[in-house]
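Below is one structure, written out as structure tokens; comments come after it.
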Amino acid sequence: MAAYIAVSALSHEGLVREHNEDSLTVGPWTLCATVTGNPQTLLFPTALPCVVAVSDGLGGHPGGEVASALVARRLAALGPGLDGEESVRAALQSCNRAVYAAAADDPGLAAMGTTVAGVLLLPGQAVTFNVGDSRVYRVEPDGLRRVSVDDSPPPAPGRRTTSLITQSLGGSLGLTFVEPHVRSAPLAVGDRYLVCSDGLTDPVPEEELSTLLTHSYEDTERADGRAVFELWKAAIEAGGPDNITVALVRIAG
């Protein structure tokens, strides 16, 4: 059987926020500021570029859901033309300019912004990227390896996390240049990546995420859907303080 890309994903407002400001890109599909009651799984061929990304609208700013949706839809539109690290950097700069342009057209959206994190899947290559504190992990047999870089200052003493970020797409009153974190790695059948907003990683320690993803899950899309549900459940049981968006990517075959 030919190799293919399987993506299991879920997006939820959590237990504290009134609405969902996260958006999700999976190939040509987007889920913008919408809640899914259970994980959804989509399949794609490996021969074509496929972007899987989470964008998390900035809390405390107006229009977070507008910014995240704009970036999700732009990445879905640009995805088929992306072919490597430089094209990903250019796409993220394009998203950044688009967020500022949209904010400039509407005073009610001044300083809106969003984080973004994701992976571009190409034949034989994965290009991971992020701006802000949404994350990308490679799921390995012995646990998780974080491949994104948090744009955050060190947490305060005694704290594991911080809500502060040092860069985002949009997020200030004037156009600000961003420096995306972009890296490439070989891609083969069996590889898995986790893409998520900080609504998962802030309340749930990496050790617990690793256990949920590597303990007794068979290599099937159904198992990936179950894993996504268990990740969401862990965030909810930890208080669900923020919107939770999770995408688990597998190269199957």
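Since this is a predicted model, take the numbers as computed values, not measurements.
- Remark: L10 CG to F229 CZ distance equals 8.5 Å, nearest 0.5 Å.
- Residues E13 and H19 share a closest heavy-atom pair of CB-C, 4.0 Å.
- Q40 contributes a side-chain N or O that, together with a main-chain N or O of N38, makes up a donor-acceptor pair within less than 3.5 Å.
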task: Verify side chain to side chain contact (heavy atoms under 4.5 Å, CB included) between L187 and L121, making sure each step is shown before the conclusion.
output: CA-CA 8 Å; L187 187 67; L121 303 161; 3.8 Å; yes

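- Hydrophobic clustering of Ile, Leu, Val, Met, Phe, Trp and Tyr side chains at less than 4.5 Å, counting indirect connections, unites V204 with L144.
- One finds the OH atom of Y137 at 13.5 Å from the CG atom of L248 (value rounded to the nearest 0.5 Å).
- Looking only at side-chain heavy atoms (C-beta outward), L109 and V66 come within less than 4.5 Å of each other.
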- request: Please report the C-alpha distance between V119 and V127 in whole Å, then the side-chain angles of each, then the deciding distance to 0.1 Å, and finally whether the side chain to side chain contact (heavy atoms under 4.5 Å, CB included) criterion is met.
  value: CA-CA 5 Å; V119 56; V127 182; 6.0 Å; no

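- In this structure a side-chain-to-backbone donor-acceptor pair under 3.5 Å is present from S148 to V136.
- There is no path of hydrophobic side-chain contacts, each under 4.5 Å, that joins L24 to L82.
- Heavy atoms only, all atoms of each residue included: V99 and A67 are closest at CG1-CB, 4.2 Å.
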message: Assess the residue pair Y193 and V139 against the criterion (side chain to side chain contact (heavy atoms under 4.5 Å, CB included)); give the C-alpha distance rounded to whole Å, side-chain angles, the decisive distance to 0.1 Å, and a yes or no.
response: CA-CA 5 Å; Y193 283 89; V139 185; 5.9 Å; no

Check: residues 89-97 side-chain donor-acceptor pairs under 3.5 Å, at least two apart:
| residue | atom | partner | partner atom | Å |
| --- | --- | --- | --- | --- |
| R89 | NH1 | E85 | OE1 | 3.4 |
| R89 | NH1 | E86 | OE2 | 2.9 |
| Q93 | NE2 | V178 | O | 2.7 |
| S94 | OG | R74 | NE | 2.8 |
| S94 | OG | R74 | NH2 | 3.1 |
| N96 | OD1 | G170 | N | 2.9 |
| N96 | ND2 | T176 | O | 2.8 |

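- With rounding to the nearest 0.5 angstrom, the CG atom of L200 is 9.5 Å from the CD atom of E208.
- Side chain of T34 to backbone of L31: no donor-acceptor contact under 3.5 angstrom is found.
- Remark: the backbone N or O of I165 is not paired with any side-chain donor or acceptor of D133 at under 3.5 angstrom.
- Distance alone, capped at 3.5 Å, places no donor-acceptor pair between the T245 side chain and the D22 backbone.
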- request: Apply the test salt bridge (Lys or Arg N to Asp or Glu O under 4.0 Å) to residues R160 and E206: give CA-CA distance (whole Å), side-chain angles for both, the deciding distance (0.1 Å), then the verdict.
  value: CA-CA 11 Å; R160 188 177 58 82; E206 284 186 358; over 6 Å; no

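- S210 OG to D142 CG: the interatomic distance, rounded to the nearest 0.5 Å, is 7.5 Å.
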message: Walk me through whether D224 and T41 qualify under side chain to side chain contact (heavy atoms under 4.5 Å, CB included).
response: CA-CA 9 Å; D224 286 347; T41 299; 6.0 Å; no

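- In the hydrophobic clustering of ILVMFWY residues, with side-chain heavy atoms under 4.5 Å counting as a link, V54 and V182 come out apart.
- Contact detail for D56 and S134: the closest heavy-atom pair is CB-OG, 3.7 Å.
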Show every donor-acceptor pair shorter than 3.5 Å between a side-chain atom in residues 44-51 and any protein atom, with sequence neighbours excluded, or say none if there are none.
none

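- Among all heavy-atom pairs drawn from A72 and T30, the shortest one is O-CG2, 3.5 Å.
- Separation of atoms CZ (F177) and CD (Q167) is listed at 9.0 Å; rounding is to 0.5 Å.
- Checking S168 against D151 by side-chain atom types alone, no donor-acceptor pair falls below 3.5 Å.
- Put simply, the side chain of T36 gets close to the backbone of S11: a donor and an acceptor are under 3.5 Å apart.
- Looking at V116 and T25, their side chains never come closer than 4.5 Å, going by heavy atoms from C-beta outward.
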- prompt: Can you check salt bridge (Lys or Arg N to Asp or Glu O under 4.0 Å) on R135 and D150, steps first, answer last?
  reply: CA-CA 7 Å; R135 290 181 179 174; D150 284 355; 2.6 Å; yes

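- Summarising the local packing, CD of E140 is surrounded by more than 12 heavy atoms from other residues, nucleotides or ligands at distances under 6.0 Å.
- In this structure, C32 and E65 have side chains that are not in contact, with every pair of non-hydrogen atoms separated by 4.5 Å or more.
- Note on R250 versus D191: no salt bridge recorded, every NZ/NE/NH1/NH2 to OD/OE distance being 4.0 Å or above.
- Checking T162 against S152 by side-chain atom types alone, no donor-acceptor pair falls below 3.5 Å.
- In this view, H12 and W232 satisfy the ring pair (Phe, Tyr, Trp, His ring centres under 6.0 Å) rule, not counting sequence neighbours.
- Rounding to the nearest 0.5 Å places CG of L194 at 10.5 Å from CG of L212.
- Between the side chains of S23 and S68, at least one donor-acceptor pair of N or O atoms lies under 3.5 Å.
- Around CZ of R146, the count of heavy atoms belonging to other residues, nucleotides or ligands within 6.0 Å exceeds 12.
- Side chain of N130 to main chain of G132: a donor-acceptor pair is present (N/O by atom type, distance under 3.5 Å, no hydrogens or angles).
- Linking Ile, Leu, Val, Met, Phe, Trp and Tyr whenever their side-chain heavy atoms come within less than 4.5 Å leaves V195 and L231 in two separate clusters.
- Under a hydrophobic-cluster definition in which Ile, Leu, Val, Met, Phe, Trp and Tyr are linked whenever side-chain heavy atoms come within less than 4.5 Å, directly or via other members, V35 and V246 are assigned to different clusters.
- Taking all atoms of both residues into account, the shortest heavy-atom contact from L175 to Y100 is CD1-CD1, 3.3 Å.
- L173 and A111 make their closest contact through CD2-CB, 4.0 Å (heavy atoms, listed as atom of the first residue, atom of the second, distance).
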